[in-house]
Amino acid sequence: NYNRDPFDAMTEPNGNTHKVRHFSTANRVKLGYIPTAQQVYFQTTQQPSTFSLLPPSSNSTLNTPRSLEIEAYDYTGAIANYFVEIRQPYGTFDAFPLSHPVAQGVSIRREYPGSPGLGYTLIDANPKTTTFRDASFRKNRTFFDHISGPGLKIEVLDIAQSPFPRAVVRVSNNSTD
């Protein structure tokens with residue numbers, strides 16, 4: 001059961017229009033491609049926190065996370081965490097322009113409930129369109145999940161491309177906000 005995520009190598013091809021991409025951050029974490037020191041895990045019991053993120057392919061030597069995983073659950077209580085990432089044009093497979101929507105916001109993926117690491121769904125910031133091309137959450141956009149505990153909130157505070165691509169997001173829930 002794939003949602004035809006056009007920005008992850010681990011999804012099912014969509015006819016002749018699918019382009020091969022690098023792995024999403026979620027899959028890079030599960031495959032061990034992102035060192036633990038570059039990962040952040042947010043638990044819903046934590047106080048609201050703000051995180052600066054770099055793309056997983058960043059060559060920056062800054063001690064800044066490349067992966068943000070957020071504890072979440074589905075309506076049955078099964079684990080279904082979120083992964084937040086920012087992408088940048090990189091190599092042969094992610095050769096989209098810097099102006100592409102995926103590089104102008106953060107992508108949010110959710111694990112399939114009860115199946116940690118076995119698959120992810122790309123959350124579409126613009127579900128009224130017929131494409132995932134504009135699925136990223138741009139600056140000043142907020143994602144709400146009212147199923148995971150008291151109401152999880154992911155806010156995109158900033159997206160920057162210079163001097164290097166990065167995103168700033170704030171994570172909170174109604175019990176700690």
Side-chain angles (χ1 to χ4, degrees), residues 1-3 5 7-11 22-58 60-88 102 104-125 127 132 135-160 164-177:
N1 183 9
Y2 296 93
N3 74 347
D5 180 346
F7 303 107
D8 191 349
M10 297 293 280
T11 60
H22 288 290
F23 294 118
S24 68
T25 298
N27 280 311
R28 289 177 193 225
V29 166
K30 297 303 177 190
L31 292 169
Y33 295 164
I34 297 179
T36 304
Q38 294 178 348
Q39 300 174 31
V40 174
Y41 185 80
F42 178 86
Q43 295 179 303
T44 55
T45 55
Q46 286 179 232
Q47 292 297 312
S49 299
T50 300
F51 302 97
S52 183
L53 294 171
L54 296 178
S57 56
S58 175
S60 172
T61 57
L62 293 176
N63 189 20
T64 303
R66 270 53 167 189
S67 170
L68 171 58
E69 183 175 359
I70 301 167
E71 177 184 47
Y73 301 90
D74 75 355
Y75 64 94
T76 69
I79 195 164
N81 289 350
Y82 289 100
F83 284 82
V84 180
E85 73 174 1
I86 181 172
R87 297 290 277 268
Q88 70 177 0
V102 75
Q104 296 296 315
V106 298
S107 298
I108 301 174
R109 287 177 179 76
R110 186 167 196 175
E111 288 182 303
Y112 292 145
S115 304
L118 295 181
Y120 305 92
T121 298
L122 178 64
I123 306 297
D124 192 349
F132 282 115
S136 65
F137 288 76
R138 292 182 175 220
K139 183 177 178 177
N140 299 321
R141 293 289 305 266
T142 301
F143 171 73
F144 294 97
D145 175 0
H146 296 286
I147 296 172
S148 294
L152 181 67
K153 183 166 65 171
I154 303 169
E155 301 170 86
V156 181
L157 302 178
D158 192 27
I159 300 292
F164 47 83
R166 65 192 179 287
V168 179
V169 297
R170 183 174 191 270
V171 183
S172 61
N173 65 56
N174 286 341
S175 69
T176 61
D177 206 3

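The chain is numbered in sequence order, starting from 1.
- Leu68 has its side chain out of reach of Val106: every pair of non-hydrogen atoms, C-beta onward, lies at least 4.5 Å apart.
- Here the CD atom belonging to Glu85 is positioned 10.5 Å from the CD1 atom belonging to Ile108, to the nearest 0.5 angstrom.
- Considering CZ of Arg66 and CG of Leu53, their distance stands at 10.0 Å, rounded to 0.5 Å.
- The line from OG of Ser172 to CD of Gln46 is 11.5 Å long, rounded to the nearest 0.5 Å.
- Taking every heavy atom of both residues into account, Ala125 and Arg141 meet most closely at O-NH2, 2.8 Å.
- In this structure, Asp124 and Ala135 approach most closely via the heavy-atom pair OD1-CA, 3.4 Å.
- In terms of heavy atoms, Arg170 sits closest to Thr50 at CG-OG1, 3.8 Å.
- At a threshold of 4.5 Å between non-hydrogen side-chain atoms, the residues Arg138 and Ile159 do not count as touching.
- Phe143 meets the ring-ring contact (aromatic ring centres under 6.0 Å, His included) test with Tyr82, Phe137; sequence neighbours excluded.
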Donor-acceptor pairs are to be reported for all side-chain atoms of residues 33-40 against protein atoms at under 3.5 Å, with residues two or more places apart or in another chain.
from: Gln39; atom 1: NE2; to: Ile34; atom 2: O; distance (Å): 2.6

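- Ser24 has its side chain out of reach of Phe83: every pair of non-hydrogen atoms, C-beta onward, lies at least 4.5 Å apart.
- Ile70 CD1 to Ile154 CD1: the interatomic distance, rounded to the nearest 0.5 Å, is 3.5 Å.
- Ala72 and Asp145 make their closest contact through CB-OD2, 4.5 Å (heavy atoms, listed as atom of the first residue, atom of the second, distance).
- When all heavy atoms of Ser52 and Pro65 are compared, the closest pair comes out as O-CD, 3.4 Å.
- Applying side chain to side chain contact (heavy atoms under 4.5 Å, CB included) to Pro56 and the options Val29, Thr25, Ile86 leaves one that passes, Thr25.
- Atom CZ in Phe42 sits 12.5 Å away from atom CD in Glu69 (nearest 0.5 Å).
- The two residues Tyr73 and Arg110 have their closest heavy-atom pair at O-NH2, 2.6 Å.
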